[in-house]
There are 2 protein chains.
Amino acid sequence: MNVPGREINPHISVDCVIFGFSTNQLKVLLIKRAHTGPSGKRIKDHKLPGDFITINEDLDLAASRTLEELTGLKDIYLQQFAFFGRPGRISNRVDIDWLNATTGHEIQRVVTAAYYSLINITETNSDFAIKNNAAWIDIQQVPDLAFDHDTIIANGLKHLQKTLRNEPIGFELLPEKFIIRELQSLYEVILGCALDNRNFRKKILKSKYMVQLEEKQSGVAHKPAYYYRFDRNIYEKHKKESLGFNF
Amino acid sequence: MNVPGREINPHISVDCVIFGFSTNQLKVLLIKRAHTGPSGKRIKDHKLPGDFITINEDLDLAASRTLEELTGLKDIYLQQFAFFGRPGRISNRVDIDWLNATTGHEIQRVVTAAYYSLINITETNSDFAIKNNAAWIDIQQVPDLAFDHDTIIANGLKHLQKTLRNEPIGFELLPEKFIIRELQSLYEVILGCALDNRNFRKKILKSKYMVQLEEKQSGVAHKPAYYYRFDRNIYEKHKKESLGFNF
DNA sequence: ATAGTTAGCGTATTTTTTACGTTAACTTTG
DNA sequence: CAAAGTTAACGTAAAAAATACGCTAACTAT
């Protein structure tokens, strides 16, 4: 094992792809960046929420800290899915200048651990995020991003899609109680395909972890749907039996 | 974004869980470490192959470099699967001393990017590895390892199992030509369960990517089996159609 | 020649997936 | 206040996939 005899090691950061679901759209929470570019003119663009880790900080904790600082939320679904460490990944002049300006250091190289997170957007946490200069942006309309954050989001989405097919994580994006149609729309939007509502219902209800509540929708101009909730305990118990969807 | 105003960033390393398959066993390639412990007595133990990355080195390239240095092999199946960055992960006195001794630096914290690799063990690359102080060890009989390498291996195995169920990667562990029985044994050993040979054959042959060769086994005391090879081009072409096994 | 062994094909049954029809329960509209 | 519009919720038939086995073929060792 040989060690580079250099003074400088790469900095390590975490970046979070924070997914939310609202108005039938899959969204990501992005930080709005406004700064002065090298040519002197003001630049407005977006980046993923993220931060450098502190010297004694666990990566997972750094990620949940970032998430909490931005949304005020704790105990949220958060998963590492890849790391990005290409030496050239921070090559854009704008990005380099911005990094040096905001950190006050000469940042030479950053290796980032990428996480994705699923949160249920509420007024409370949404306001919180907006105050922190963040914005929910439809995954279909993500603009060009700083660094290699486009790649990171694309990668995170792939992981989300794969996981959604194999584990019950859709609930993380919904409120405590929800109707089946909402869950189906969520699957359709994330997987990018239409699903048959009758078959979807059968499949999802076959899994025991869907608990029907007594409450129905009210004020809707059609037959009201029952609310359901996800029961994690039941899921854990029947885990072996219910492995994966094959939509 | 705030940056720690510290001089020292964590070191970054790559660790490789290198899987091989021989004599019907799943094996991992481990480095034999012999060194002097804090009490002055000689210690013999094992660790995963790995290395610190150099300042301008891509993580993926650092991993393939490590692999090539150890086995002489290029263009090998290699996948990042997790990173390990707990501040306390290097807590053992023996490990700390060893790190400082071998590197000549005060190593305070190491974040490691974990890769798993699948290789076809041959006499050539096996001799190569042995000369580099490595040993193939049955996954069932891995001794206590340095650092948190036990965790990394356990994690890597899980990823291997999951991927084996969804993608045709078993071939990476076998020679160019192989018989179906060998492939089945490989699945059985990795997944840890018995499979019905008739159903396995049906399922695997339904995937178009299994190409039967004209050559049969010879010198065996039973009906000789045909050799097959894996055709990656055919696989790529039919990818959508053949998604996943459900053993 | 016979016994022992694995290869390789096949069939019947069960389970899962897919495709699609129909009634129920609510609000809105004319 | 009846009719129209809309989504909920249940069901059935057909196709596909997974599972559980039985049997013959082709080789070597004795």
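We name chains A, B, ... by the order of the sequence lines, and we start the count at 1 in each one.
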Please state how far atom [atom1] in [X] lies from atom [atom2] in [N], giving the value in whole angstrom units.
| X | N | atom1 | atom2 | answer |
| --- | --- | --- | --- | --- |
| A:K206 | D:dG11 | NZ | P | 16 Å |
| B:F178 | C:dA7 | CZ | C1' | 16 Å |
| A:M210 | D:dA9 | CE | P | 10 Å |
| B:K203 | C:dC9 | NZ | P | 18 Å |
| A:L183 | D:dT7 | CG | P | 18 Å |
| A:I180 | D:dT7 | CD1 | C1' | 13 Å |
| A:F200 | D:dA8 | CZ | C1' | 14 Å |
| B:I204 | D:dT19 | CD1 | P | 14 Å |

Go along nucleotides 20-30 of chain D 5' to 3' and tag each nucleotide: B for a protein heavy atom under 4.0 Å from its base, S when only backbone or sugar atoms are that close, - otherwise. BBB--BBBS--

Flag the pair [X] and [Y] as a salt bridge only when some basic side-chain nitrogen lies within less than 4.0 angstrom of an acidic carboxylate oxygen.
| X | Y | value |
| --- | --- | --- |
| B:E236 | B:K208 | no |
| B:E172 | B:R232 | yes |
| B:D45 | B:K47 | no |

Contacts table for residues 135-142 of chain B: side-chain donor-acceptor under 3.5 angstrom, sequence neighbours left out:
| from | atom 1 | to | atom 2 | distance (Å) |
| --- | --- | --- | --- | --- |
| B:D138 | OD1 | B:Q140 | N | 3.0 |
| B:D138 | OD2 | B:Q25 | NE2 | 3.0 |

With a 3.5 Å cut-off and no angle check, do the side chains of B:T112 and B:D15 form a donor-acceptor pair?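 Short answer, yes.
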
Under 30°, 30 to 60°, or over 60°: which ring-plane class applies to B:H159 and B:F81, parallel, tilted or perpendicular?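 Geometry flag for B:F81 against B:H159: tilted rings.
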
May I ask you to verify if any side-chain N or O of A:R181 is less than 4.0 angstrom from the OP1 or OP2 atom of D:dT7?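 Indeed not, no polar side-chain atom of A:R181 lies that close.
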
Does D:dA8 have its OP1 or OP2 closer than 4.0 Å to a side-chain nitrogen or oxygen of A:R201?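 The answer is no; no side-chain N or O of A:R201 sits under 4.0 Å from OP1 or OP2.
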
